[in-house]
Number of protein chains: 2
Amino acid sequence: MKNLVFDYKRCGSCPIRHRAVCARCDKGELRRLEEIKYYRSYEAGQPVMWAGDEMDFVASVVSGIATLSQTMEDGRTQMVGLLLPSDFLGRPGRIIAPYDVTANSDLMLCCFRRKPFERLIVDTPHIGQRLLEMTLNELDAAREWMLILGRKTAREKIASLLTIIAQREASLKQTAPGDGSSFELPLTRESMADYLGLTLETVSRQISSLKRDQIISLEGKRKVVVPDFDALIAETGDDADGGMLV
Amino acid sequence: MKNLVFDYKRCGSCPIRHRAVCARCDKGELRRLEEIKYYRSYEAGQPVMWAGDEMDFVASVVSGIATLSQTMEDGRTQMVGLLLPSDFLGRPGRIIAPYDVTANSDLMLCCFRRKPFERLIVDTPHIGQRLLEMTLNELDAAREWMLILGRKTAREKIASLLTIIAQREASLKQTAPGDGSSFELPLTRESMADYLGLTLETVSRQISSLKRDQIISLEGKRKVVVPDFDALIAETGDDADGGMLV
DNA sequence: CGGTCCAGTTGATCCTGATCAAAGCGGCGG
DNA sequence: CCGCCGCTTTGATCAGGATCAACTGGACCG
């Protein structure tokens, strides 16, 4: 989750400053990337792929939000991944999508055709290493998320989610979230509920409660203002320095 | 989680048939592995490392059970990883342990010193690729686990855990779990509770309930017999073929 | 044999978050 | 302007699992 400072000079030819593949790529590698690259856009709510579909590309999120989720037969759903701009989607070496992927807002993907991308990984070990690093980061985030799902109260869950989003939005702008910081909530109440293993009513109530206790305030429905960031972190149940800063 | 058929012939010089590094290693690579390898054993209950410790090795589980877990300040704990024999522990490229690691039964690790192991990865791309594949498997397991934690009832959680353990034990023996199969439960009620985000009382009650409904029976405290495996799977809430078979 | 310890079981009660229901609030098209 | 729709908020009630507490049974030991 730690922010990667993109190497703009060296990555000039890659329009999205792709986290996985640009920072250390030479001219030839960038040319090969350009050759297998194309863009796709999706409207809010549109499915990108269903679990079980064949994946013919891997991709990087240029703008918008995508979610990974699992659904049970009776309709219960759990979000298992949240992809913000610069996040990576797809798994080299896997052909079948393991989860439903949905555009949660208007979404632009920078896609790379899977087969030649896999060849590129084999030829270019540092790309493989970067993918391993990113996958380990995702694994850490997933395990942090497991603690949230398994052991936190509804209020702590909401505070944790707000903290995570604030930190990720800040890291995209290369800053740290501080007092008075504000950010757009890119999720509906229902998506937040699917993220946290709650119902949308409980999400709404807990947000109202945090508002009542002056931990946050809302401008409109979606913009969140955090007057005292440490106060928000205190509500997550984590100790001040550990946990969420992965 | 799919079982890897070890290449015994080529890995003869690696006593543990290490999943990560043996299957495609040549003589020179195996020699380098031997040079940086050593064994460590731990008693049941003994900590292997704490979150925040410096890790000077990566390792493979030879025998016994290890768990990864996170603990909140007030003592609530969530298990985030369960390592059975042949599973891999550690993260090339990371120096600080992200979670507590505990020996949950007598445990034997085959360790590799971290620094030279990382060098070996750089020199030997197929090891890096194998690590990426294993990490993706762990990520899939973590996300399956998130669905369990976030959306399943206590009874479904227990059934899911039993299914997972049955499948992993079976895969170590290169078989598939079937009707009448039985296995050792390697976890106490409390560990099961930490795995599933429940209390140990609830775990005990749900196991009793499954016993009462003839879904399982127990021999002693730890040996579980499953007369009808499909009936157990039906209790997990997953559809028959998807989900758990990752 | 009795005593202690520990993992597990079972019971009674409580509380958090789910469920069911209704109403508020923009935004948008006619 | 109205009516409709999607999203959100709030209220009333319910229930699943947590909590607190007592008890069982086996292993170990003097």
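Residue numbering restarts at 1 for every chain, and letters A, B, ... go by the order of the sequence lines.
Backbone-only engagement by Gly197(B) is indicated by non-hydrogen atom pairs under 4.0 Å involving sugar-phosphate atoms exclusively. Residue contacts shown for Leu198(A) are limited to sugar-phosphate atoms, with no base heavy atom under 4.0 Å away. When heavy atoms are screened at a 4.0 angstrom cut-off, Thr199(A) is found touching base atoms of the nucleic acid. Using a 4.0 Å heavy-atom distance criterion, Leu200(A) is classed as a base contact. Note on Arg76(B): nothing from the nucleic acid sits closer than 4.0 angstrom, heavy atoms only.
Note: Trp50(B) and Tyr99(B) fail the aromatic proximity criterion, with ring centroids not under 6.0 Å apart.
Residues Ser217(B) and Lys211(B) bring no donor and acceptor atom of their side chains to less than 3.5 Å of each other.
Counting distance only, with no hydrogens placed and no angle test, the side-chain atoms of Arg205(A) and the base atoms of dT19(C) include a donor-acceptor pair under 3.5 Å. You won't find any donor-acceptor pair under 3.5 Å spanning the side chain of Arg189(A) and the base of dG6(D), going by distance alone.
Residues Glu54(A) and Arg94(A) are not paired through a salt bridge, judged by the lack of any N-O separation under 4.0 Å between the basic side chain and the carboxylate.
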Kindly determine whether Asp194(A) and Arg76(A) satisfy salt bridge (charged side-chain N to carboxylate O under 4.0 Å, His left out), including the steps that lead there.
CA-CA 9 Å; Asp194(A) 285 343; Arg76(A) 283 175 281 175; over 6 Å; no
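Dashed line: the shortest gap from a side-chain N or O of Thr188(A) to OP1 or OP2 of dG6(D) is not under 4.0 Å. At the phosphate of dT9(C), OP1 or OP2 sits under 4.0 Å from a side-chain N or O atom of Ser204(B). For dG16(D), the OP1/OP2 oxygens have no side-chain nitrogen or oxygen of Thr153(B) closer than 4.0 Å. Contact annotation: Arg222(A) reaches the phosphate of dT8(D) (side-chain N/O to OP1 or OP2, under 4.0 Å).
Per the geometry, CD1 belonging to Ile148(B) stands 14 Å off P belonging to dG17(D), to the nearest Å.
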